[in-house]
Amino acid sequence: MPLRVYNTLTRQKEDFQTVVPGKVGMYLCGPTVYKPAHIGHMVGPVIFDTVKRYLVYQGYDVKFVINITDVDDKLIVRAAERQTTVEKLAREMTQDYFDNLKTIGVDSVDLFPYATEHIAEMLDIIQRLIDRGYAYPLEGDVYFDAAKDADYGALSHRSISEVMAGTRVEANDRKRHPADFALWKSSKPGEPAWDSPWGRGRPGWHIECSAMSMKYLGETLDIHGGGLDLMFPHHENELAQSECCTGKPFAKYWLHNGLMQAGKAAGKVGGGHDRHGDVELDKAAQEAGKLAGSKGAASVKELFAKHPPETIRFFLLATHYRSPIDFSDDNIAEKGKSLEGFYRLFETYQRITGQDFYQLAVPSLRSKSTALPAEPAAFTAELARLRDRFCESMDDDFNTGAATSILFDLRTVINAFIHEQKLETTGKSNATAIAALTAAVTLLKELAALLGVFTRPLPRSSAGDDEFASGLMGLVLELRAEARATKNWPMSDKIRDRLKALKVVVEDRPDGVTWRREA
RNA sequence: GGCGCCGUAGCCAAGUGGUUAGGCAGUGGAUUGCAAAUCCACCAUACGUCGGUUCGACUCCGAUCGGCGCCUCCA
């Protein structure tokens with residue numbers, strides 16, 4: 001089953017074939033680092049991190065680049081507001097971005113090039129475009145001459161005339177055509193500026209991506225990713241200037257992810273905020289603004305305080321990447337609940353085998369996938385089937401939503417196996433069954449790792465794990481054990497109920513008592 | 001005005017021209033001193049509305065309603 005990807009350029013799923021066999025160059029448009037990242041900024045990185053994990057799993061040698069835009073109007077404005085420099089602001093916000101990526105498990109990015117470190121490359125492209133007749137200098141600026149590019153509009157499927165007709169921007173009289181866009185902008189005093197053949201200035205919005213992607217990944221990228229909102233004009237212009245510069249296709253596959261939306265409440269806002277003045281709608285409007293508008297958005301850091309990062313990552317991957325994601329705290333919390341069963345399984349596994357799930361080594365290549373034991377045949381056949389289905393889902397345009405469902409199936413299959421083999425009680429010494437269990441659990445971890453989940457233990461709630469608390473719990477459970485020994489059920493139940501009220505769950509098992517803190 | 005996207009059971013969410021998505025919640029049973037966890041079963045004969053094509057459509061086509069995005073240097 002070949003990998004198929006939906007290509008925005010052709011608006012259909014295509015077989016995935018790389019420029020150089022076995023190698024993939026993947027570029028994702030990164031953030032303008034002028035304010036703390038919000039959840040929407042994590043969508044692309046999480047998705048394409050997952051794409052890379054899967055491509056690597058399938059044996060590709062992948063180079064994944066995300067740019068950092070550290071010069072831009074928004075940066076200039078905000079730096080002035082905060083009475084700091086563009087450089088300092090950019091450095092601070094870049095660190096915030098990196099911190100968040102790390103927290104949410106995006107660790108497959110090979111390179112984060114900075115726009116300001118690639119001015120020379122940009123100037124080179126601009127010069128080549130002028131030489132080839134695709135760009136013209138104008139009073140210190142340089143514009144791309146859109147009308148000269150016969151293919152302009154191919155990505156967003158609109159013609160030059162449509163761009164002109166639809167434009168809501170006031171026409172810039174100086175430009176030859178309303179669709180023309182700045183490659184180089186002359187700068188005002190005090191703004192960041194670099195010398196150029198056309199005077200001091202700074203790069204246009206799109207040129208940095210062309211310069212950095214082609215520098216690090218070659219003139220034809222395999223995958224170019226980004227949010228749907230960037231398709232026009234950003235990607236369209238990037239595509240135009242790159243191809244006019246090199247005469248080669250700029251990217252084989254354009255993958256666009258859907259945007260985060262603020263749930264149904266936001267919908268109501270659009271329709272009726274003029275008539276309804278009530279507080280609920282105001283709150284919804286605020287929430288909508290946080291995401292769709294991304295102005296004053298709640299930061300990811302705030303969100304991480306409310307939900308485990310793993311839950312948020314899982315939430316992002318539970319929906320197909322091209323669909324809009326319906327954001328709400330409730331939706332994320334529900335995903336957290338659905339993950340509980342996995343954590344219970346990992347604990348069960350440890351009780352049975354004494355091994356820590358998180359210590360299990362997993363293969364990162366499909367060709368070296370976890371070996372499944374021959375016995376019992378029905379069980380391992382089921383595991384093999386689920387592994388195939390997982391890969392089929394991912395092969396189908398990275399259908400992570402379907403892939404996650406396989407994880408749930410796998411969980412159920414493993415639990416059923418534990419149950420029927422009585423591995424928690426009499427089956428503990430059944431070496432064949434234990435070996436099969438370990439293989440199954442390893443496979444679960446192998447597949448989950450492709451989605452970037454279950455790779456490391458959840459951070460323990462700080463109060464639950466210290467010596468004092470565990471000592472105290474030891475004492476309480478000892479007293480309860482004595483009550484149970486004398487069948488003093490009212491007392492033992494009271495202890496359990498009171499602990500439950502304190503968010504401590506006590507479970508009586510055939511082979512002992514366990515406890516854990518609830519989130 | 002232009003270019004697009006979406007509408008699947010209480011909720012979230014895959015998918016398909018005619019055979020199971022999955023999760024959460026809920027119900028019954030097993031297990032348990034009772035619970036929890038787990039297993040088994042049930043769970044809706046679901047696909048915005050109206051037409052059309054077809055032997056047959058949730059799936060294709062048209063219209064319509066509702067929601068959303070972009071056309072504004074938002075990922």
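This is a predicted model, so every value here is computed, not measured.
To the nearest 0.5 Å, the span separating CD on E92(A) from CG on L89(A) amounts to 6.5 Å. The structure places CG of L450(A) at 9.0 Å from CG of L407(A), a figure rounded to the nearest 0.5 Å. Distance OG/S196(A) to CG/L123(A): 6.0 Å, rounded to 0.5 Å. With rounding to the nearest 0.5 angstrom, the CZ atom of R4(A) is 12.5 Å from the CZ atom of F398(A). Here the OH-OG1 distance, from Y321(A) to T400(A), works out to 9.5 Å after rounding to the nearest 0.5 Å.
C34(B): no Watson-Crick or G-U partner with both key distances under 3.5 Å is found in any strand. Base-pair partner of G56(B): not found among the strands shown (Watson-Crick or G-U wobble, both distances under 3.5 Å). In this structure, C43(B) forms no base pair with any nucleotide, since neither Watson-Crick nor G-U wobble geometry is met with both distances under 3.5 Å. Across every strand in view, G4(B) sits in a pair with C68(B) that passes the Watson-Crick or G-U test at under 3.5 angstrom. Pair assignment for G62(B): C50(B), on the basis of Watson-Crick or G-U wobble contacts that are both within less than 3.5 Å.
Closest to the side chain of H320(A), out of G15(B), G33(B), A21(B), is G15(B). With C71(B), C12(B), C34(B) as the candidates, the nucleotide lying closest to the side chain of P233(A) is C71(B). Closest to the T319(A) side chain, of the nucleotides A14(B), G33(B), A75(B), is A14(B). The L259(A) side chain lies nearest to G69(B) when the options are C39(B), G33(B), G69(B). Nearest to the side chain of R509(A), among A36(B), C40(B), G33(B), sits A36(B). Of the candidate nucleotides A75(B), C24(B), A14(B), A14(B) has the atom lying nearest to any side-chain atom of S323(A). For E334(A), counting side-chain heavy atoms from C-beta on, the closest listed nucleotide (C34(B), C11(B), A14(B)) is C11(B).
Among the heavy atoms of the strands lying under 4.0 Å from D409(A) are primed sugar atoms or P, OP1, OP2 only; no base atom is included. At a threshold of 4.0 angstrom between heavy atoms, the contacts of R11(A) are confined to the sugar-phosphate backbone, with no base atom among them. Using a 4.0 Å heavy-atom criterion, one finds that S338(A) contacts the sugar-phosphate atoms exclusively. Contacts of H206(A) with the nucleic acid, taken as non-hydrogen atoms under 4.0 Å apart, are absent. Within 4.0 Å of N415(A), counting heavy atoms only, lie sugar-phosphate atoms of the nucleic acid but no base atom. Across all strands, N399(A) comes closer than 4.0 Å only to sugar-phosphate atoms, never to a base (heavy-atom distances). No contact: L228(A) has no heavy atom under 4.0 Å from any strand. Within 4.0 Å (heavy atoms only), S492(A) reaches at least one base atom of the nucleic acid. Counting non-hydrogen atoms under 4.0 angstrom, G204(A) reaches nothing in the nucleic acid. Note on R484(A): a base of the nucleic acid sits closer than 4.0 angstrom, heavy atoms only.
Using a 5.5 Å limit on the distance between ring centres and a 30° limit on the angle between planes, the aromatic ring of F408(A) does not count as stacked on the six-membered base ring of G23(B).
Rounded to whole angstrom, the span from the CG atom of D229(A) across to the P atom of C68(B) amounts to 17 Å. Regarding Y34(A), its OH atom lies at a distance of 10 Å from the C1' atom of A75(B), rounded to whole Å. Rounded to a whole Å, the CD atom of E347(A) is 16 Å from the P atom of A36(B). For F390(A) and G15(B), the CZ to P distance is 15 Å, given to the nearest whole Å. As a whole-Å value, the separation of E420(A) CD from C39(B) P is 12 Å. Residue D326(A) contributes atom CG, which lies 11 Å from atom P of U8(B) at whole-angstrom precision. Note: CD1 (I406(A)) to P (G15(B)) measures 12 Å, nearest angstrom. Atom NE2 of H234(A) is separated from atom C1' of G69(B) by 17 Å (rounded to the nearest Å).
Of the C1' atoms belonging to G15(B) and G23(B), the separation is 15 Å, rounded to the nearest Å. The gap from the P atom of C65(B) to that of C50(B) amounts to 15 Å, rounded to the nearest Å. Taking atom C1' in both G10(B) and G4(B), one finds a spacing of 32 Å when rounded to whole Å. Comparing the same atom, P, in U59(B) and in A9(B) gives a spacing of 15 Å after rounding to whole Å. Between the C1' atoms of C11(B) and C43(B), the separation comes to 14 Å (whole Å). Comparing C60(B) with G66(B), their P atoms sit 23 Å apart, to the nearest whole Å. Annotation: A37(B) and U32(B) have their C1' atoms spaced 11 Å apart (nearest Å). Between the C1' atoms of U20(B) and A46(B), the separation comes to 14 Å (whole Å).
The base of C34(B) lies close enough to the side chain of R496(A) for a donor and an acceptor atom to sit less than 3.5 Å apart.
Heavy-atom contacts from other residues, nucleotides or ligands closer than 6.0 Å to CE of M491(A) number 12 or fewer.
A donor atom on one side chain and an acceptor atom on the other are not found under 3.5 Å apart for S393(A) and D395(A).
When every heavy atom of F417(A) is checked against every heavy atom of L437(A), the shortest pair comes out as CE2-N, 4.1 Å. Residues P113(A) and V65(A) share a closest heavy-atom pair of CD-CG1, 3.4 Å.
Dashed line: the shortest gap from a side-chain N or O of H419(A) to OP1 or OP2 of C39(B) is not under 4.0 Å.
RNA chain B is contacted by both R480(A) and D73(A); R480(A) maps to the nucleotide lying nearer its 5′ end (nearest heavy atom per residue). Comparing K337(A) and R344(A), the nucleotide of RNA chain B nearest to each residue sits closer to the 5' end for K337(A).
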